[in-house]
Amino acid sequence: MQYSAKPLKISRLKRPLTGEIDLPADKSITHRAIMLASCAKGKSEIRNWLDSHDTRATLEILISIGTEATIEDKKLIIQGKNMQFQEPKDILDAKNSGTSARLIAGILSTQNFFSVMTGDESLRKRPMDRVIEPLRQMGAQIDARGGGRSLPMAIRGGRLKGIEFENKRASAQVKSSIILAGLGAEGNIRVFEPILSRDHTERMLGFLGLKIKTAQEREGYYVELEGGQIVPGFDIVCPADPSSAAFLASAAALIEGSNLRLRRVLLNKTRIGFFEKLSQMGAKVAFENVREEFGDIVGDIRVEYSGRLKAVEVKPEEVPRMIDEIVMLAVLMAVAKGSSAVRGAKELRVKESDRIKAIVKNLRAMGADIEELEDGFEIEGVESLKGAYIETFSDHRVAMAFSIAGLIADGETYIDNPDCVGVSFRDFYEKIGQIAGFEIP
């Protein structure tokens, strides 16, 4: 993804972060709400949806295949197509969104027409064969660049059949793509995974009354869907994104005197691994006003500064529950007391950037003691970081994590591409200014 933006200067923050704040809606929930509303029979209203680069990519693709959508302030109104979409007139562009590309491939595979989907330079490097393989097994005809591995990919869908598929990587995107394809398939689909990945798709469908179940087995988990079911129209208020919350929570844990409450955040058990680690590091973390909404768990998160954090390790089986927050976690580890490590996170190398490389390069520039591993890194905590020029690699999570690092570093930090935060958190810098009592230009 390319942006035209000048570097942003960030200086050490000398006052605590206090008060309450609302955060952007969850990106995963917004993606799935838009897709399910488009597949539904009837009208749906999605309130407090995340309007970001990635979710716009999803919406624009679905509009290109016939979805009718109207935006009214923070409300998105969609007239569902009941799985009867129309052939697109042009190539579909997922831009930088892996969720858009992989999940919508499942929808396109159910349609008796031809479509081609591509993405930006970064997305065209990311592996698509992990969804192409099961969709082919279901009966879709799919070809792709790089020996069937990469975008652009061409899909000719039609009558699909149910399958049993072993999802070895415990990927929610793969699982959700198969589930969406299952909505237009004959027979049941069953997806196995060794570790429970994000389960938003199955929770939402279950809440809407579809026959879908998730169960634990000795070897892992499986989700089973009865094929060919109709999704009804629905109304949903999207909760705040725990991945976005992680950045401001980290700032509160790092800046003396801070006491911050993050309102109405998604607290799904597959998404709160970061906050559990933050608590293990010694920060005061509390979940308040916890309740169930639209089949998922929502509540407030309160984070208080409690002194220097202590080292922590992330094991391979813990990675899926905090995969999007590991860049921020690395910054916390860099100033924690003792030796920290992350292992089993090779998936970070095929995100919007090679995040392991980005973490190591930028933390070293800030004076951290870090060793790169093929599937993670090891860090020996230092007393303080120093300001540096940060290369974001146009990755929103790198930009936000190292902006927080800049708030605690000695000297000045420059973020080379601040605009890339728009992928998930457009008003990130405004929110920091709101709780810090100053404006970041």
Side-chain angles (χ1 to χ4, degrees), residues 1-5 8 24-35 49-64 88 90-108 115-132 144-146 149-153 171-174 176-177 198 241 243-244 247 323-328 347-359 362 390-403 415-429:
M1 181 178 292
Q2 298 296 320
Y3 296 89
S4 56
L8 174 67
D26 185 72
K27 186 152 70 84
S28 294
I29 295 289
T30 300
H31 275 302
R32 287 159 173 80
I34 294 172
M35 293 179 200
W49 67 293
L50 177 68
D51 187 357
S52 70
H53 299 316
D54 278 12
T55 55
R56 282 278 179 168
T58 285
L59 183 60
E60 289 166 8
I61 288 175
L62 292 168
I63 289 173
S64 295
D90 206 342
I91 294 172
L92 305 172
D93 187 2
K95 299 177 182 174
N96 190 240
S97 176
T99 302
S100 303
R102 294 187 179 116
L103 271 63
I104 292 176
I107 296 173
L108 293 172
S115 58
V116 177
M117 185 157 47
T118 190
D120 67 7
E121 181 181 2
S122 171
L123 190 57
R124 292 196 300 272
K125 295 177 182 177
R126 297 173 69 179
M128 293 294 145
D129 52 330
R130 56 185 62 177
V131 296
I132 290 174
R145 187 177 60 86
R149 177 180 170 82
S150 307
L151 294 177
M153 64 177 161
S171 164
Q173 292 183 0
V174 174
S176 295
S177 183
R198 295 181 183 185
D241 193 330
S243 298
S244 296
F247 299 105
I323 187 69
D324 286 337
E325 296 81 49
I326 287 179
V327 185
M328 187 65 251
E347 181 73 11
L348 290 174
R349 294 200 181 273
V350 290
K351 289 290 188 177
E352 285 86 338
S353 69
D354 180 339
R355 287 181 178 164
I356 293 176
K357 175 183 175 183
I359 287 167
N362 288 313
I390 300 301
E391 186 174 355
T392 64
F393 300 93
S394 296
D395 189 323
H396 57 132
R397 303 206 189 276
V398 174
M400 289 186 282
F402 282 92
S403 293
I415 307 298
D416 75 342
N417 185 1
D419 281 1
C420 68
V421 302
V423 166
S424 61
F425 198 161
R426 283 185 173 179
D427 58 349
F428 171 72
Y429 294 107

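Since the structure is predicted, the reported quantities are computational estimates derived from the model, not experimental observations.
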Q: Using 4.0 Å as the upper bound for N to carboxylate O, is an ion pair formed by K351 and E325?
A: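 Looking at E325 and K351, the cut-off is not met.
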Q: Work out which heavy atom in N96 is nearest to a heavy atom in L123; give both atom names and the distance.
A: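 Looking at all heavy atoms of both residues, the shortest contact is C-CD2, 4.2 Å.
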Q: Taking the side chain as C-beta and beyond, is there a heavy-atom pair between I91 and M117 under 4.5 Å?
A: no
Q: Against K27, only a single residue in D324, D54, D51 fulfils salt bridge (Lys or Arg N to Asp or Glu O under 4.0 Å); can you say which?
A: D54
Q: Backbone N or O of L50 within a donor-acceptor pair of the T55 side chain at under 3.5 Å?
A: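 Such a contact is found between T55 side chain and L50 backbone.
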Q: Tell me if a side-chain donor or acceptor on R102 pairs with a main-chain N or O of P127 at a distance below 3.5 Å.
A: yes
Q: So, the side chain of R355 versus the backbone of L348: is there a donor-acceptor pair under 3.5 Å, distance only?
A: no
Q: Identify the two heavy atoms, one from S100 and one from H31, that lie closest to each other, and give their separation to 0.1 Å.
A: OG-CE1, 3.4 Å
Q: With a 4.5 Å heavy-atom cut-off, do M153 and V116 have their side chains touching?
A: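 When only atoms from C-beta onward are counted, V116 and M153 do not touch, as no gap falls below 4.5 Å.
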Q: Are M400 and S424 close enough, and set up right, to give a side-chain contact (heavy atoms from CB on, under 4.5 Å), and what steps lead you there?
A: CA-CA 10 Å; M400 289 186 282; S424 61; 3.6 Å; yes
Q: Would you sort out whether F425 and D241 count as a side-chain contact (heavy atoms from CB on, under 4.5 Å), showing the intermediate values?
A: CA-CA 9 Å; F425 198 161; D241 193 330; over 6 Å; no
Q: Please identify which of these residues, D416, D120, N417, meets the side-chain contact (heavy atoms from CB on, under 4.5 Å) condition with S394.
A: N417
Q: Checking the side chain of R198 only, and the main-chain atoms of A172 only, is there a donor and an acceptor separated by less than 3.5 Å?
A: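 Absent.
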Q: Answer yes or no: is there a donor N or O on one side and an acceptor on the other, between the side chain of T30 and the main chain of D26, under 3.5 Å?
A: yes
Q: Considering all heavy atoms of both residues, which atom of R397 and which atom of F247 are nearest to each other, and what is their separation?
A: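 Nearest heavy atoms, R397 then F247: O-CE2, 3.8 Å.
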Q: For the backbone of K357 and the side chain of D354, can you confirm whether one donor and one acceptor N or O come within less than 3.5 Å of each other?
A: yes
Q: Taking S177 for the side chain and V131 for the main chain, is one N or O donor matched with an acceptor at less than 3.5 Å?
A: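 No, because the side chain of S177 does not come within donor-acceptor range (under 3.5 Å) of the backbone of V131.
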Q: Quick check: do E352 and H396 have side-chain heavy atoms less than 4.5 Å from each other?
A: yes
Q: Please check this pair: side chain of R126 against backbone of V350, looking for a donor-acceptor N/O pair closer than 3.5 Å.
A: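 Yes, because the side chain of R126 sits within donor-acceptor range (under 3.5 Å) of the backbone of V350.
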Q: Output the distance between atom CG (L108) and atom CG (L92), rounded to the nearest 0.5 Å.
A: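 The CG atom of L108 sits 6.0 Å away from the CG atom of L92.
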Q: Between G422 and S52, what is the shortest heavy-atom contact and its length?
A: O-CB, 3.5 Å
Q: Are any non-hydrogen side-chain atoms of Y429 and L8 less than 4.5 angstrom apart?
A: yes
Q: Kindly write out the residues that satisfy side chain to side chain contact (heavy atoms under 4.5 Å, CB included) with S176, not counting sequence neighbours, or none if the list is empty.
A: R32, L103, T201
Q: If you define the side chain from C-beta out and look only at heavy atoms, does anything of S97 sit under 4.5 Å from K95?
A: no
Q: I need the minimum non-hydrogen distance between R124 and P152, along with the two atoms involved.
A: CD-CD, 4.3 Å
Q: Counting N and O atoms only, with roles assigned by atom type, does the side chain of S353 sit under 3.5 Å from a partner on the main chain of F393, one being a donor and the other an acceptor?
A: no
Q: Roughly how far, to the nearest 0.5 Å, is the CD1 atom of I104 from the OG1 atom of T99?
A: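 Reported to 0.5 Å precision, the distance equals 9.5 Å.
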Q: Under 3.5 Å, is there a donor-acceptor pair between the side chain of S64 and the main chain of E60?
A: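 Yes; at least one donor-acceptor contact below 3.5 Å.
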Q: To the closest 0.5 Å, what do you measure between CD (E347) and CZ (R349)?
A: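 Reported to 0.5 Å precision, the distance equals 12.0 Å.
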Q: What are the two closest non-hydrogen atoms of H53 and D419, and how far apart are they?
A: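 The answer is NE2-O, 4.4 Å.
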Q: Taking side chain as C-beta onward, heavy atoms only, is R426 less than 4.5 Å from V421?
A: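 In short, these two side chains do not touch, never coming nearer than 4.5 Å.
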